[in-house]
Each structure stands twice: as structure tokens, then as C-alpha cells.
Amino acid sequence: MPYPESHYLSPIWRDDLFKGRVAFVTGGAGTICSMQTRALVRLGANACIIGRNAEKTEEAARDIATVRPGAKVIGIGGCDVRKFESLKEAAARCAEELGGIDFVIAGAAGNVLVSMEAMSPNAFKAVMDIDVLGTFNTIKSTMPYLLKSPDARIIYVSATFHYTGMPMQGHVAAAKASVDSLMASVALEYGPRGVTSNVISPGAIADTEGAARLLTSDAAALKHRARSIPTGRLGTVKDIADATVYLFSSAGSHVNGHVLVVDGGSWRRQGSL
Ligand code: HXC
């Protein structure tokens with residue numbers, strides 16, 4: 001689908017900011033991660049996106065590649081982040097075809113809206129495995145290449161549910177708390193070796209497939225939701241892409257072990273009048 005540049009990127013960044021860099025993105029066909037990737041590619045990077053659904057992943061890769069003449073974007077479908085070997089092969093292919101890996105976005109996530117009462121142990125495990133083990137596998141499989149990069153960065157896509165707890169999202173909240181925690185340890189272990197690690201925690205984002213499926217696409221309900229956010233609006237994919245560009249740019253080089261919440265201040269709202 002053609003997106004105008006204003007949909008996913010603020011007009012303040014330099015065109016060749018990421019020239020020569022390679023991004024490896026899990027969940028790269030999903031709305032948020034595909035827009036993060038789109039922004040990086042528009043600003044000069046090449047990318048490899050990973051997904052479970054081959055057709056969707058390959059189509060997203062072709063679509064992202066259109067944002068810049070000469071951009072190389074590989075889509076590797078049929079790759080489940082729960083399977084280490086599958087990611088290892090994907091990382092090797094990315095490095096071979098694109099010349100290395102400089103940036104990693106650990107974005108693959110599982111989610112269903114379900115109460116604790118209705119949640120089966122296997123549903124809980126599925127989300128923990130995708131989000132936590134999947135993130136570990138992503139870091140582990142790409143680290144050999146990141147360690148060779150002159151400018152290595154990792155972003156973990158988290159959420160805000162675990163800062164307060166969230167009905168129907170107990171599994172996701174538990175998983176994302178683990179993702180934040182894993183990020184902190186990787187930041188301390190690998191910061192001294194030149195790899196920064198930071199979390200981006202999106203709040204409610206208006207224009208994602210996941211939000212439409214899991215929350216609502218009803219305009220009145222979304223408007224009501226927006227009014228409860230301190231900035232008075234829902235987030236956009238551009239908010240997340242811009243935060244990504246900042247963290248991966250040289251402006252973000254001294255930020256390590258940080259959780260960047262991009263939610264208009266909503267997570268601080270609990271307890272306010
Ligand atoms: C209750 C469910 C369910 C549902 C599946 N399960 N869907 N339980 N309600 N709607 C149960 C199954 O019955 C099974 O348990 C277990 O979960 C595993 O299901 P599988 O289909 O076998 O697993 P799998 O194919 O691995 O799927 C994992 C999944 C899936 C998490 C359940 O929905 C998924 O991966 N979705 C795609 C990724 C995704 O949703 N990404 C969005 C992220 S966006 P039993 O006991 O029967 O074996 C995001 C932000 C959203 O997170 C913010 C807004 C809230």
C-alpha cells in the first residue's frame with residue numbers, strides 16, 4: 001500500500017542519515033515495525049524483515065523497498081522467533097546479502113485479548129515464548145554481527161501494560177516486563193562492547209492492525225480514548241518511527257538501557273484527577 005512520507009516520518013531528518021547501515025527487524029511486516037523499517041530505509045539503510053507469514057513478509061519487503069531508489073529490503077518469511085535455528089539462518093542470510101547487521105529491532109509479538117480466567121496455560125506460554133524467548137533468540141542470533149558493527153544498536157518494542165497491570169493482557173504485561181528487564185541486562189553486558197540497547201514502549205496507536213483487531217476501530221470509541229490521553233490524541237506509527245530514528249541516530253549514541261515510553265504520558269495518568 002502506498003503511504004505518503006508524512007505518514008511515517010517527520011520532515012526533520014537528513015536523507016542519508018543511515019547510509020550504509022543494515023537493519024534486521026523481527027515482526028517487520030506488522031504495522032509498527034514495518035513503519036520503523038520504512039523510516040530507516042527512507043533515510044538510507046538497507047533492511048531484512050522477518051515474519052512467520054511468507055507472503056505477507058515478502059510483500060511488505062517489496063513495499064518498503066519502494067521508498068528509496070536503490071534500497072535493498074529482504075523479506076524472510078516462515079521464520080518463527082521461537083525457533084533459534086530459524087533466526088540464526090535469517091541473520092546469516094541478512095549479513096551475507098546486505099553486508100552485516102548494525103541495527104536490530106526486536107518487534108515480533110503475540111497478543112490475544114483474554115481474561116486470566118479464560119486463558120489457557122498454553123495461551124500464556126505462546127505469548128511468553130514469542131515475546132521473551134523470541135527476543136532472546138533475536139539478540140543471540142544477531143549479536144555476532146552486531147559486535148562487528150562500528151555503530152550497533154538494538155531496540156526492543158515493548159508496551160506500557162506492565163507499568164500498571166492490564167485486564168485481558170496479563171500474559172502480554174508479564175512478557176513485556178521481561179522484555180524491559182532483558183534489555184537492561186543486555187545494555188550492561190554489551191554496552192562496553194559497543195552495542196546499545198533501548199526499549200520503545202508504544203501506548204495506544206491509532207492506525208495499527210493489532211489495535212483495530214484487539215481494541216476497536218469504532219471512531220467514537222477512539223475519540224473518547226484519545227481524550228483520556230494527556231496529549232489529547234492517540235499515538236501514530238510516525239511517533240514510533242521518529243523515536244526509532246532518534247535512538248539509532250548519532251544523537252542517540254549515549255542512550256543505553258533506557259525505556260522510552262511514547263504514549264503521550266498516559267502511563268503516568270493513573271492516580272491523577
Ligand atoms: C484465547 C487463544 C486465542 C484467543 C489463541 N488462543 N487465540 N486463547 N483467546 N483469541 C490460545 C489457543 O487456544 C492455544 O491454547 C494457545 O493460545 C496457542 O494458540 P496457537 O494458535 O496454537 O498459537 P500460535 O499460532 O503460536 O499463536 C500465538 C498467538 C497468536 C499469540 C495466540 O494470536 C499470534 O501470534 N498472533 C499474531 C501476532 C500478534 O497478535 N501480534 C500483535 C501484537 S500487537 P490451547 O490451550 O488451546 O492449546 C500488540 C499491541 C496490541 O501486542 C495493543 C492493543 C491491546
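Reckoned from all heavy atoms, side chains included, excluding hydrogens, waters and symmetry mates. Order of listing sets the numbers, starting from 1, for every ligand and every atom in it.
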With heavy-atom distances below 4.0 Å as the criterion, list the atoms of ligand 1 near S120.
15 (O), 45 (P), 46 (O)
Is the NZ atom of K88 crowded by more than 12 outside heavy atoms at less than 6.0 Å?
no
N/O separation below 3.5 Å, F161 to ligand 1:
no
Does only the side chain of A123 get under 4.0 Å from ligand 1, or the backbone, or both, or neither? Count heavy atoms.
both
Can you say whether the rings of F248 and F18 are parallel (under 30°), tilted (30 to 60°) or perpendicular (over 60°)?
perpendicular
Rounded to the nearest 0.5 Å, what's the gap from CG on L147 to CD1 on I101? Could you check?
11.0 Å
Proximity to ligand 1 by part of M166, non-hydrogen separation under 4.0 Å
neither
Would you kindly specify which portion of R82 sits under 4.0 Å from ligand 1, judged on non-hydrogen atoms: side chain, backbone, both or neither?
side chain
Using a 4.0 Å cutoff against the non-hydrogen atoms of Q169, which atoms of ligand 1 qualify?
55 (C)
Test item: T66 side-chain N/O and R62 main-chain N/O as donor-acceptor pair under 3.5 Å:
no
Okay, side chain of T135, backbone of A106: is any donor-acceptor separation there less than 3.5 Å?
no
With atoms numbered from 1 as shown, which atoms in ligand 1 lie under 4.0 angstrom from a non-hydrogen atom of I130?
28 (C), 35 (O)
Using only atom types and a distance under 3.5 Å, with no angle test, would you say the side chain of N256 pairs donor to acceptor with the backbone of S197?
yes
Check whether NZ of the Lys or CZ of the Arg R38 lies under 6.0 Å from the centre of the six-membered ring of Y8 and within 45 degrees of that ring's axis.
yes
Does the residue V172 have a heavy-atom contact with ligand 1, meaning some pair of atoms that are separated by less than 4.0 Å?
no
Judged by heavy atoms only, the candidate from V114, V157, D80 nearest atom 1 (C) of ligand 1 is V114
Out of N53, T160, V112, who gets a non-hydrogen atom closest to atom 7 (N) of ligand 1?
V112
Inspect the contact between R21 and D151 and indicate whether a charged nitrogen and a carboxylate oxygen are less than 4.0 angstrom apart.
yes
Quick look: N111 vs ligand 1, heavy-atom contacts under 4.0 Å, and the answer is both
